[in-house]
Amino acid sequence: MTNWVELDRQVKSWILEAGKRIRESFHAELNIKTKSNRNDLVTDMDEATERFFIEKIRSSFPDHQILGEEGFGDEFKELSGVTWIIDPIDGTMNFVHQQRNFAISIGIYEENAGKLGYIYDVVHDELYHAQKGSGAYMDDVKLPSLQEVSVEDSVIALNAQWVSSNKRIDPALLTPLVQTVRGTRSYGSAAIEMAYIASGRLDAYISMRLAPWDFAAGKILIEEVGGVVTDLEGKELDPLHKSSLFVAKPGLHKTILTKYLKR
Ligand code: IPD
Ligand code: CA
Ligand code: CA
């Protein structure tokens with residue numbers, strides 16, 4: 001039987017330690033490589049941070065499964081038992097170019113269901129965390145339930161990529177939405193964008209292609225404060241597969257989905 005209180009205490013201390021190591025690395029020279037294309041970056045800190053968590057998890061919870069973005073975890077096809085879904089640095093491009101606006105993101109699932117979610121904004125030193133059924137927090141402050149907002153009063157996160165020619169969505173589809181909302185933002189870290197929805201700093205976030213480690217923790221956080229997390233068609237996310245993502249405050253999610261996203 002997993003002792004969730006003890007596990008929660010340990011994860012938080014590991015995350016803070018990993019964050020400190022990342023901040024200290026700002027003074028060292030980074031080894032930067034590319035993955036799928038020249039803009040898909042990975043550094044030795046992404047890899048070292050994932051290895052750091054895997055070592056800790058293996059020694060404290062040897063029967064848990066791990067899905068890590070950098071590939072040092074396990075290979076498996078279904079969620080069973082307890083699974084850790086880890087993005088060691090979400091927003092690597094920001095880490096490399098700006099040294100801000102990146103996060104450690106960890107979602108812990110039991111069977112198919114999200115149980116614990118952690119997003120640590122390393123530079124602002126803000127730890128967003130949630131336990132299914134117990135609410136969401138930023139550090140020690142409980143986050144209030146999200147309130148409804150009109151499309152006209154909303155600020156949505158959206159990458160400019162999706163409103164210019166791309167292979168995943170007709171850019172014209174999003175134009176009426178962009179023209180109606182109060183403003184658009186793009187932070188370059190899906191985890192931070194999701195933490196900002198949970199804490200009310202943003203009202204919605206749309207992305208055409210994210211991986212389980214990008215949204216695993218954010219989904220748990222957002223649902224704990226009453227936000228809605230689906231793909232762009234309004235369907236439930238599969239925690240083990242890549243998909244589009246559409247998250248928003250209650251009410252706003254339905255309005256945007258039915259008025260603006262129906263193809
Ligand atoms: C990326 C960031 C970015 C999103 C990309 C992700 P990474 O994660 O979350 O905001 O637009 O799709 O891949 O590669 O920095 O962990
Ligand atoms: Ca990521
Ligand atoms: Ca990453």
Side-chain angles (χ1 to χ4, degrees), residues 15 18-19 21-23 25 30-54 66-73 84-107 117-124 126 128 155-164 166-169 171 174 184-198 201-202 204-222 229 231-232 237-247:
I15 288 174
R21 288 177 185 216
I22 296 173
R23 286 191 299 270
S25 80
L30 266 182
N31 177 14
I32 306 163
K33 294 176 279 189
T34 57
K35 295 198 280 189
S36 58
N37 61 66
R38 69 178 299 279
N39 300 325
D40 186 7
L41 308 178
V42 63
T43 73
D44 42 4
M45 272 322 280
D46 297 65
E47 295 178 349
T49 304
E50 182 165 312
R51 284 184 196 275
F52 167 86
F53 283 112
I54 289 177
I66 305 166
L67 174 63
E69 175 177 15
E70 307 311 338
F72 302 116
W84 298 58
I85 304 180
I86 302 177
D87 192 335
I89 297 183
D90 181 64
T92 299
M93 198 188 290
N94 289 348
F95 170 60
V96 170
H97 284 259
Q98 308 179 332
Q99 300 192 330
R100 69 197 65 215
N101 289 328
F102 59 88
I104 295 170
S105 175
I106 299 181
Y118 305 86
I119 294 175
Y120 182 47
D121 179 335
V122 173
V123 171
H124 292 109
E126 288 174 345
Y128 299 83
V155 178
I156 66 167
L158 181 72
N159 192 318
Q161 197 181 352
W162 312 127
V163 284
S164 58
N166 72 88
K167 64 178 182 191
R168 303 209 183 274
I169 189 170
L174 294 171
T184 57
R185 296 289 181 271
S186 183
Y187 292 93
S189 157
I192 287 188
E193 277 149 322
M194 293 184 86
Y196 281 7
I197 303 257
R201 291 173 178 167
L202 284 171
Y205 171 50
I206 291 172
S207 179
M208 294 314 300
R209 186 82 170 157
L210 289 176
W213 41 82
D214 298 314
F215 58 70
K219 179 176 191 296
I220 299 166
L221 274 155
I222 291 171
V229 182
D231 68 9
L232 217 68
L237 298 178
D238 177 339
L240 280 184
H241 287 99
K242 292 189 175 172
S243 71
S244 60
L245 181 83
F246 171 41
V247 299

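Each ligand, and each atom within it, is numbered from 1 in the order the structure gives.
Here the side chain of Glu69 pairs no donor or acceptor atom with the backbone of Pro88 at under 3.5 angstrom. Side chain of Asp121 to main chain of Ile192: no donor-acceptor pair is present (N/O by atom type, distance under 3.5 Å, no hydrogens or angles). Under a 3.5 Å cut-off, the side chain of Arg168 and the backbone N or O of Trp162 do not form any donor-acceptor pair. Not a single donor-acceptor pair under 3.5 Å links the side chain of Asp40 to the backbone N or O of Asn37. Using a distance-only test at 3.5 Å, with no hydrogens or angles considered, no donor-acceptor pair links the side chain of Asp214 to the main chain of Ala190.
Of all protein heavy atoms, the one lying nearest to atom 5 (C) of ligand 1 is Leu210 CD2, 4.2 Å. The protein heavy atom nearest to atom 6 (C) of ligand 1 is Asp214 OD1, 4.0 Å. Nearest protein neighbour of atom 1 (C) of ligand 1, counting heavy atoms only, is Asp90 OD1, 3.9 Å. The shortest contact between atom 7 (P) of ligand 1 and any protein heavy atom is with Gly91 N, 3.7 Å.
Considering just the N/O/S atoms of Asp87, the one nearest the Ca ion (ligand 2) carries the name OD2. Minimum-distance N/O/S atom of Asp90 relative to the Ca ion (ligand 2): OD1. Nearest N/O/S atom of Glu69 relative to the Ca ion (ligand 3): this is OE1.
Proximity of Leu237 to Asp231: side-chain heavy atoms (C-beta onward) are separated by under 4.5 Å at one or more points. Looking only at side-chain heavy atoms (C-beta outward), Asp44 and Lys33 stay at 4.5 Å or farther from each other. With contacts defined as side-chain heavy-atom distances shorter than 4.5 Å, the pair Glu193/Ser186 qualifies. Within the 4.5 Å cutoff, no side-chain heavy atoms of Arg201 are placed close to those of Arg185. Counting heavy atoms from C-beta on, the side chains of Tyr196 and Tyr187 come closer than 4.5 Å. At a threshold of 4.5 Å between non-hydrogen side-chain atoms, the residues Phe53 and Ile15 count as touching. Residues Val247 and Met194 meet the side-chain proximity criterion, which asks for heavy atoms closer than 4.5 Å.
With values rounded to the nearest 0.5 angstrom, Ile104 atom CD1 is found 11.5 Å from Glu50 atom CD.
Checking only distances, Ile89 does come within under 3.5 Å of ligand 1, N or O to N or O. Taking any N or O of Tyr205, backbone or side chain, none lies under 3.5 Å from an N or O belonging to ligand 1. Not a single N or O atom of Ser207, backbone or side chain, sits closer than 3.5 Å to an N or O atom of ligand 1. For a threshold of 3.5 Å applied to N or O pairs, the pair formed by Gly188 and ligand 1 contains at least one separation below that value. In terms of polar-atom proximity, defined here as any N/O pair under 3.5 Å, Glu193 makes no such contact with ligand 1.
Between the Ca ion (ligand 3) and Glu70 there is no N/O/S contact shorter than 3.0 Å. Note on Ile89: counted as a metal contact of the Ca ion (ligand 3), an N/O/S atom lying under 3.0 Å. In summary, an N, O or S atom of Asp214 is located under 3.0 Å from the Ca ion (ligand 2).
Close contacts of ligand 1 with Asp87, meaning ligand atoms under 4.0 Å from a residue heavy atom, involve 16 (O). Which parts of ligand 1 touch Ser189 is read off a 4.0 Å heavy-atom cut-off, strictly below it: atoms 9 (O), 10 (O). Heavy-atom contacts of Arg209 reach the following atoms of ligand 1: 12 (O) (cutoff under 4.0 Å).
Only the side chain of Glu69 comes within contact range of ligand 1, with a heavy atom under 4.0 Å; no backbone atom does. Under 4.0 Å from ligand 1, heavy atoms of Ala190 appear from its side chain as well as its backbone. The backbone and the side chain of Thr92 each have at least one atom closer than 4.0 Å to an atom of ligand 1 (non-hydrogen atoms only). For Leu41, no heavy-atom contact with ligand 1 is shorter than 4.0 Å.
Between Ser105 and Asp90, the side chains place no donor N or O within less than 3.5 Å of an acceptor N or O (distance only, hydrogens not considered).
Residue contacts with ligand 1 do not include Met93, since none of its heavy atoms lies under 4.0 Å from the ligand.
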